[in-house]
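To start, the structure itself, in structure tokens.
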Amino acid sequence: MSDAMTPADGETPGDPETAGACGAGEPGPLPLGVVRTPTGDPAVDAQLGRLADADHLAASGHLEVYEDVHRGLREALSALDRSPGPSGAPAAPGAPASYDTRS
């Protein structure tokens, strides 16, 4: 095994306790720099903004953030199903005013 492949003292190759751990002088987790484009829905935008919290965590902490964001997005989607009727947006040109037309 070459020096580049030699594990550090007390480290076992494939050991989950030390795999990916930052040693002395190594930088910690760094943000990925992913641009988050606003969706226009405040509830969704808040959840997408929460993803930035994972940027500063080790990979082992990402799951909690992702599960929290997923839960929030599901709630936002469910809220759409509970909305009180049509949005009042005009029908597309050429579309019938109602699809409940029977002959």
Could you measure the distance from the [atom1] atom of [X] to the [atom2] atom of [Y]? Nearest 0.5 Å is fine.
X	Y	atom1	atom2	answer
D68	R50	CG	CZ	4.0 Å
E75	R82	CD	CZ	8.0 Å
H62	D55	NE2	CG	7.5 Å

**Prompt:** Taking all non-hydrogen atoms of both residues, which atom of L51 and which atom of V65 are closest, and how far apart?
**Reply:** CA-CG1, 4.4 Å
**Request:** Specify the closest pair of heavy atoms between A76 and V44, including all atoms of both residues, with the distance to one decimal.
**Result:** CB-CG2, 4.2 Å
**Prompt:** Can you list the steps and then say if L73 with L77 is a side-chain contact (heavy atoms from CB on, under 4.5 Å)?
**Reply:** CA-CA 6 Å; L73 291 173; L77 186 59; over 6 Å; no
**Asked** Hey, quick one: are L63 and L57 part of the same hydrophobic cluster, counting side-chain heavy atoms closer than 4.5 Å, chains of contacts allowed?
**Response** no
